[in-house]
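Worth saying up front: this structure is predicted, and the values here are computed from it rather than measured.
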Amino acid sequence: MVHSIPLGSKFNIVGFGSKFEKLFNKSTEYNEESLKIAEKLLRNLEANLGGTEIFEPLQSIFAEEIDSILPRNVYMFTDGEVSNT
């Protein structure tokens, strides 16, 4: 598998529905260990968190401290049936 993520990058995965769950407590440095943890989660990922409510997960993401060096990028994947916007 080829990865083109710059060294020093950070990431997190947030599953959301009528509740939300973060893979890591806060954005974590991208390295071999964190990548293995994320790959394990994604291999076993199921859409089982209820409805598609996005306000609270986004609120939690944007409440995290901003890294003065790294930009914050948020990518959302959803079935499109969003509520609680």
Side-chain angles (χ1 to χ4, degrees):
M1 184 181 289
V2 176
H3 302 282
S4 60
I5 298 175
L7 292 175
S9 293
K10 295 180 180 180
F11 77 105
N12 204 350
I13 298 173
V14 181
F16 61 95
S18 49
K19 62 179 183 171
F20 70 96
E21 300 172 346
K22 293 182 177 184
L23 176 59
F24 304 109
N25 289 333
K26 62 181 186 172
S27 292
T28 299
E29 186 173 340
Y30 170 81
N31 57 38
E32 287 298 318
E33 181 182 348
S34 61
L35 176 62
K36 286 180 185 178
I37 293 168
E39 286 176 334
K40 182 178 178 182
L41 170 76
L42 295 175
R43 275 193 299 275
N44 299 306
L45 189 64
E46 293 182 26
N48 62 356
L49 294 175
T52 309
E53 298 180 14
I54 62 172
F55 180 76
E56 288 179 351
L58 286 174
Q59 188 176 37
S60 175
I61 291 166
F62 288 111
E64 286 189 30
E65 185 176 337
I66 295 174
D67 188 309
S68 62
I69 298 171
L70 299 171
R72 178 180 296 172
N73 297 303
V74 176
Y75 303 94
M76 294 190 67
F77 301 93
T78 177
D79 61 7
E81 294 188 34
V82 176
S83 63
N84 190 21
T85 57

> So do Arg43 and Glu39 actually touch side chain to side chain, heavy atoms under 4.5 Å?
Replying inline: yes
> Would the number of heavy atoms belonging to other residues, nucleotides or ligands and lying under 6.0 Å from CG of Leu42 be above 12?
Replying inline: yes
> By side-chain contact (heavy atoms from CB on, under 4.5 Å), which residues pair with Ile37, not counting sequence neighbours?
Replying inline: Leu23, Phe24, Glu33
>> Treating Ser34 as the side-chain partner and Glu32 as the backbone partner, does any N or O pair qualify as donor plus acceptor under 3.5 Å?
In response: no
>> How close do Leu70 and Ser9 get, counting heavy atoms only, and between which atoms?
In response: CD1-CA, 4.3 Å
>> Within the supplied structure, the quantity of interest is the number of heavy atoms (other residues, nucleotides, ligands) at a distance under 6.0 Å from Asn44 CG; does it exceed 12?
In response: yes
>> For Asn73, give me all partners under side-chain contact (heavy atoms from CB on, under 4.5 Å), at least two apart in sequence or on another chain.
In response: Pro71, Tyr75
>> According to salt bridge (charged side-chain N to carboxylate O under 4.0 Å, His left out), does anything in residues 60-75 pair up with another residue at least two apart or in another chain? List the pairs.
In response: Lys10-Asp67, Lys22-Glu64
> CD1 of Ile54 to CZ of Phe20: how many Å apart, nearest 0.5 Å?
Replying inline: 12.5 Å
> Would a 4.5 Å heavy-atom cut-off, applied to side chains only, mark Phe62 and Val74 as touching?
Replying inline: yes
>> Would you compute the distance between atom CZ of Phe11 and atom CD of Glu29 and round it to the nearest 0.5 angstrom?
In response: 10.5 Å
